[in-house]
Amino acid sequence: MLLVSEPIVGKDEKAALSEVVDCGWITMGDRVRAFEVAFAEEHNAPDAVAVSSCTAALHLLLVGLGVGPGDEVLVPSLTFVATANCVLYAGATPIFVDIESLDSPLMSLQDAALKCTTKTRAVILMHYAGYLADRDAWREFADARGLLLLEDAAHAAGVAGAGGFGDGAAFSFYGNKNMTTAEGGIVIAKDEGALDRIRQMRGHGMTSGTLQRLKSRAATYDVTMLGYNYRMDELRAAIGIAQLKKLKTWNEKRKALTHMYRRALEAQCPAVRVPLAARDNSSHHIMPIVLPPDAERQSVMARMRDDEIQTTIHYPPAHQLSFYRSLYPSVQLEETEEFARRELTLPLHPRMEEGQVEAVCYALAKSLMRRNY
Ligand SMILES: *Cc1c(COP(=O)(O)O)cnc(C)c1O
């Protein structure tokens with residue numbers, strides 16, 4: 001079965017893991033710190049805080065930057081549910097914003113402007129499929145209104161400019177992302193004070209960690225804020241360090257495969273639309289396409305599955321999930337709903353070969369045609 005995504009872990013990661021086991025210090029030690037430094041450097045950021053997930057990173061960013069009850073946060077609905085959940089964790093209210101269009105499924109500035117109120121405190125951009133939002137336009141939007149500008153950069157590891165839009169960014173190292181630590185995430189932020197608070201909040205709000213106390217001979221610690229257990233461990237950091245070294249190469253391979261897809265789709269499936277087709281500043285995290293309006297997506301997916309090809313959907317819109325519908329029943333986002341109704345995600349990962357891209361497009365063309373028989 002050709003899968004939509006596949007983690008690439010092998011002998012480098014095994015070696016890194018056994019080094020940790022041999023050294024005996026298994027959580028929140030020098031490797032976590034080394035990973036933070038390396039990741040920050042790769043993304044042109046002054047520093048970073050590694051945590052247990054991207055969801056934790058988003059939560060800490062909001063709380064660390066002072067977003068809380070009474071505040072509204074603009075979020076896309078065409079995203080993984082965590083982007084909205086973290087706003088609720090902080091006690092604030094997510095306000096769902098539509099996408100620009102079927103060809104540009106990134107958050108719409110125009111709709112965001114319409115949804116601003118006196119309570120709006122922050123906006124969380126999500127770089128869908130790894131394609132960066134328009135930095136200058138969003139910077140201007142946020143500055144004009146005094147809003148925090150945050151990035152859910154879960155799709156965008158390794159892209160020049162990702163994490164550098166505004167006040168803070170969260171990345172994910174979940175198993176299906178461009179680089180993985182199995183589970184994990186990281187925060188990048190501009191403001192050093194905010195980053196210090198986030199670092200402290202990651203470990204229960206304690207003023208020092210176990211390794212710091214060992215090194216400084218401090219006898220005890222204090223807790224000066226409400227913290228969480230969002231720590232990353234040494235095993236994950238060791239995998240992260242190994243993966244980070246390969247990220248650029250993998251992203252280049254994804255880009256080459258994406259270009260092959262665009263050519264093959266144009267030739268074999270002219271009725272299919274390829275969003276963001278003219279854009280290249282991307283991690284090429286996934287390969288989303290938009291099916292013709294009358295295509296039956298369910299049967300297309302089933303037929304492709306019969307050909308041993310997995311396809312998925314990015315995403316069921318957050319505002320249409322039962323939980324969010326029950327909270328905010330009146331939200332309607334025309335473009336998001338149409339995109340999500342027709343979107344199909346094709347397999348894309350660095351282990352794929354050109355022949356597989358051709359095979360996927362052939363299977364897709366075949367399953368789209370079958371409808372007419
Ligand atoms: C994967 C993902 C997340 C959540 O990441 P975790 O590390 O699993 O918490 C959040 N937002 C988006 C857009 C994602 O793709």
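Every number for a ligand or one of its atoms is a count from 1 in the order of the listing. In this chain, residues are counted from 1 in sequence order.
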Worksheet item: Parallel, tilted or perpendicular for Y131 and H284, by the 30°/60° rule?
Response: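 If you compare the ring of Y131 with that of H284, the planes turn out perpendicular.
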
Item to complete: Quick one: sort the F171 and H43 rings into parallel, tilted or perpendicular, breaks at 30° and 60°.
Response: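 Rings of F171 and H43: tilted, 30 to 60°.
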
Using a strict 4.0 Å cut-off to heavy atoms of [X], name the atoms of ligand 1 that fall inside it.
X	result
T79	13 (C)
S172	1 (C), 5 (O), 6 (P), 7 (O)
S53	7 (O), 9 (O)
G184	7 (O)
M126	13 (C)

Worksheet item: Of the choices D152, L58, T83, which has the non-hydrogen atom that lies closest to atom 11 (N) of ligand 1?
Response: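 The nearest heavy atom belongs to D152.
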
Discussion item. Could you report the tightest heavy-atom contact between R297 and R341, atom names first, then the distance?
Written reply: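 That closest heavy-atom pairing would be CZ-O, 3.2 Å.
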
If you take the centroid of each ring, where Trp contributes its six-membered ring, are [Y] and [X] closer together than 6.0 Å?
X	Y	result
F165	H127	yes
Y128	F339	yes
Y89	Y228	no

Worksheet entry | Pair T224, Q200: side-chain N/O donor-acceptor within cut-off below 3.5 Å |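 Yes, because at least one side-chain N or O of T224 sits under 3.5 Å from a partner of the opposite role on Q200.
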
Worksheet item: Among side-chain atoms of Q268 and E358, is any donor-acceptor pair under 3.5 angstrom?
Response: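 Yes, side-chain donor-acceptor contact under 3.5 Å.
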
What about [X]: any of its N or O atoms under 3.5 Å from an N or O on ligand 1?
X	value
Y174	no
Y315	yes
N176	no
C54	yes
T55	yes

Worksheet item: Is the NZ or CZ atom of R31 both under 6.0 Å from the centre of the six-membered ring of F35 and within 45° of that ring's axis?
Response: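 Pair R31/F35 does not count as cation-pi.
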
For [atom], the protein heavy atom that lies nearest, with its residue and separation:
atom	value
atom 15 (O) of ligand 1	H155 NE2, 3.0 Å
atom 3 (C) of ligand 1	F80 CD2, 3.6 Å
atom 14 (C) of ligand 1	A154 CB, 3.3 Å

Worksheet item: Is a salt bridge present between R121 and D167, judged by a nitrogen-to-oxygen distance below 4.0 Å?
Response: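 Salt bridge flag = no for D167 with R121.
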
Worksheet item: Can you tell me if K177 has a non-hydrogen atom under 4.0 Å from ligand 1?
Response: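 K177: in contact with ligand 1 (<4.0 Å).
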
Discussion item. Under 4.0 Å, counting heavy atoms only: does A56 come that close to any atom of ligand 1?
Written reply: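 No heavy atom of A56 comes that close to ligand 1.
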
